[in-house]
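Written below as structure tokens is the structure these notes are about.
Numbering of ligands and ligand atoms starts at 1, following listing order. For the single chain, residues carry numbers from 1 onward in sequence order. Quick note: numbers below take in every heavy atom, side chains included, and nothing from hydrogens, waters or symmetry partners.
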Amino acid sequence: MTDWESVIGLEVHAQLATSSKIFSGASTAYGSEPNTQACTVDLGFPGVLPVLNAEVVKMAIKFGVAIGAKICSHSVFERKNYFYPDLPKGYQISQFELPIVGTGSLEITAEEGAKKTIGITRAHLEEDAGKSLHDEFVDQTGIDLNRAGTPLLEIVSEPDMRSAKEAVAYARKIHSLVRYLEICDGNMQEGSFRCDANVSVRPVGQKELGTRTELKNINSFRFLERAINHEIQRQIDLIEGGGKVVLETRLYDSSKDETRSMRSKEEANDYRYFPDPDLLPVAVDEADIEAIRASLPELPDEKRRRYLDTLKLSEYNAELLSSNRDTAVYFEQALSRAPELKDQIVNWILGDLSAALNRNEVEIQDSPVTPQMLADLLQRIADNTISGKIAKEVFEAMWRGEGSTDRIIEARGLKQITDSSEIEGLIDDVIAANPTQVEQFRAGKEKVLGFFVGQIMKQSKGKANPGQVNSMLRDKLK
Ligand code: ADP
Ligand code: MG
């Protein structure tokens, strides 16, 4: 029996978040009527000329700087020639020999929390093609060219990943980074963030890489992991059965959880790449790069470090709160309102808030309970206006839009009872009603204390201050 090692390299296509296309002024907005956002340049009319959108160059540089890559002072757009109905020009404008972003790297958290550095070979700019619509028509295919000319940054990794989990960790890290940089909205359902996975296997100890296949059509991190694992197993079974892996592009079908052959893979020279004579080389100087470097926001790794070192969060919480930019923004806004309640804020964001967001399929930036509202709620626990338990009720009410913490506490009469004579009254009533349990306690059965606390809290509808109840109850029972 041979032990196999899997090798994975990813190509990520991040749609750059510009409002117009890479070489034309047409809109890039998602979801419009087919062919309403394609101008003559996108349609490949003869005689029209592409004009490079300066914003996409800035965005590519932002990414390059963030991964510590060399930014090429001179990069070139080339024509990648092929025929397909969704590509009216007969070629895609891409970068080939001289991409704008050279080699860089990214640190991921691999399995069991270990850090691992993944090499990034390059990142280049290119235009997207249109879309073939197969389901809308009977025996016909529709072509929607709205997407044609949408700017993409293709980020190519080294074959450095050794498991599907590592590949997903890498893809998530890129996803987090492009969203931090605000260069891509990261929406996988709408195709703004797409991953192709290159997968091969080799016997453990072998140096040379095995023959790879390329998996396309993967639109979620969950499917990415499944598709890769599935493909690894398929290749192992194939080789152990005496077969050979062939270099090909395979399509992942999530409904059947299988990959199937789409086409044999083209070699680069099949595309007859050559520099596009309609476009000048892109010149970038040091000053441009430095200006962009200076404008970068705090990135996920730095944020995580700061959460660990300055805020003293645990490794786990720091990772969770920093990996999604919107979560970090939420956390920091709540924290600025109530810095002294840091631990409670962390617990509520990762606990009750996350649960509510998941349950209702709402993104944190759209949460009906804003960071300010959450901070106010936690302040009311801290100042003993309400108990932690009642706070959950107030949270739910805020989620449903019933107003601020104070308004809900007022309207529902949830204010905690801290008046000791009132609490004493409640205790006396419960003691009087349960003589048997009083005897048990006096006979040394400490456990019945819990029973009394429960009864008193019930009588007060959860509003009695639990700390006061506990200490006063003990005195009374003695
Ligand atoms: P192409 O443009 O044909 O897809 P590239 O040379 O750009 O080819 O490589 C694409 C990806 O394939 C890169 O991410 C690279 O790391 C990965 N890759 C190359 N060889 C292998 C291999 N044997 N096993 C797994 N991944 C590989
Ligand atoms: Mg490829």
Side-chain angles (χ1 to χ4, degrees), residues 4-14 63 67 69 75 77-82 84 91-106 108 116-129 152-175 193-218 224-225 227-236 238-239 244-252 259 261-273:
W4 297 95
E5 177 179 59
S6 48
V7 175
I8 301 134
L10 291 188
E11 290 160 277
V12 171
H13 288 87
F63 177 79
I67 58 161
S75 64
F77 283 105
E78 303 202 32
R79 291 185 180 178
K80 179 181 183 179
N81 297 283
Y82 65 92
Y84 205 73
Y91 59 87
Q92 176 196 26
I93 305 177
S94 182
Q95 295 186 312
F96 184 55
E97 276 185 12
L98 296 170
I100 184 151
V101 176
T103 52
S105 66
L106 203 65
I108 61 164
K116 178 169 177 177
T117 301
I118 304 297
I120 293 177
T121 319
R122 57 187 278 162
H124 62 259
L125 287 166
E126 63 184 25
E127 60 177 344
D128 208 347
L152 301 178
L153 185 67
E154 177 171 341
I155 304 156
V156 183
S157 87
E158 289 292 305
D160 285 348
M161 278 78 72
R162 292 291 173 271
S163 68
K165 280 217 156 48
E166 278 185 20
V168 171
Y170 167 81
R172 281 188 184 279
K173 192 70 186 266
I174 295 271
H175 188 257
F193 188 91
R194 315 198 280 267
C195 298
D196 298 342
N198 293 271
V199 179
S200 66
V201 298
R202 63 182 171 188
V204 170
Q206 178 182 305
K207 265 222 146 70
E208 310 86 79
L209 295 175
T211 303
R212 71 181 153 123
T213 58
E214 184 181 38
L215 310 179
K216 283 197 183 288
N217 203 30
I218 305 169
L224 178 62
E225 183 169 341
I228 293 172
N229 278 329
H230 186 279
E231 180 60 14
I232 291 169
Q233 200 50 53
R234 190 192 69 86
Q235 292 186 8
I236 294 173
L238 185 66
I239 299 169
K244 260 193 169 157
V245 176
V246 291
L247 183 65
E248 64 182 353
T249 300
R250 299 179 68 86
L251 212 61
Y252 177 65
T259 64
S261 182
M262 186 161 94
R263 57 170 188 251
S264 70
K265 235 187 116 52
E266 320 70 8
E267 299 284 335
N269 58 16
D270 292 333
Y271 289 119
R272 300 292 187 272
Y273 277 99

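Every atom of ligand 1 is numbered from 1 in the order shown, and the set under 4.0 Å from a heavy atom of Gly210 is 23 (N). Atoms of ligand 1 found under 4.0 Å from any heavy atom of Glu214, numbered from 1 in the order shown, are 4 (O). Close approach to Pro159 involves these atoms of ligand 1, each under 4.0 Å from a residue heavy atom: 16 (O), 26 (N), 27 (C). The contact set between ligand 1 and Glu158, taken as ligand atoms under 4.0 Å from a residue heavy atom, comprises 16 (O). The ligand atoms of ligand 1 that sit less than 4.0 angstrom from a heavy atom of Glu11 are 2 (O), 4 (O), 10 (C), 11 (C). Listed by number with element, the atoms of ligand 1 under 4.0 Å from a non-hydrogen atom of Val156 are 13 (C), 14 (O). Atoms of ligand 1 lying under 4.0 Å from at least one heavy atom of Gly9, given by number and element, are 14 (O), 16 (O), 26 (N).
At a heavy-atom distance under 4.0 Å, only backbone atoms of Leu10 (N, CA, C or O) approach ligand 1.
Looking at Arg122, its side chain never comes within 3.5 Å of a backbone N or O of Val156 through a donor-acceptor pair. A donor-acceptor distance shorter than 3.5 angstrom exists from the side chain of Arg250 to the backbone of Thr259, with no hydrogens or angles considered. Here the side chain of Glu154 pairs no donor or acceptor atom with the backbone of Ser94 at under 3.5 angstrom.
When only interatomic distances are considered, the shortest N/O to N/O separation between Leu209 and ligand 1 does not fall below 3.5 Å. Ligand 1 has no N or O atom lying under 3.5 Å from any N or O atom of Thr211, backbone or side chain. Taking distance alone, with nitrogen or oxygen atoms compared against 3.5 Å, Ile8 stays at or beyond that limit from ligand 1.
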Exercise for the section: Kindly indicate, with the supporting measurements, whether the criterion salt bridge (Lys or Arg N to Asp or Glu O under 4.0 Å) is fulfilled by Arg162 and Glu5. Expected result: CA-CA 7 Å; Arg162 292 291 173 271; Glu5 177 179 59; 3.7 Å; yes

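Enclosure of atom NZ in Lys116 by more than 12 non-hydrogen atoms of other residues, nucleotides or ligands within 6.0 angstrom is indicated. Counting non-hydrogen atoms of other residues, nucleotides and ligands closer than 6.0 Å to CD of Glu97 gives a total of 12 or fewer.
A side-chain contact (heavy atoms from CB on, under 4.5 Å) with Met262 is found for one member of Glu214, Glu248, Lys216 and no other, namely Lys216.
Evaluated by nearest non-hydrogen atom to atom 9 (O) of ligand 1, the leading choice among Glu208, Arg212, Met161 is Arg212.
With hydrogens and angles left out, the side-chain atoms of Arg272 and Asn81 include no donor and acceptor closer than 3.5 Å.
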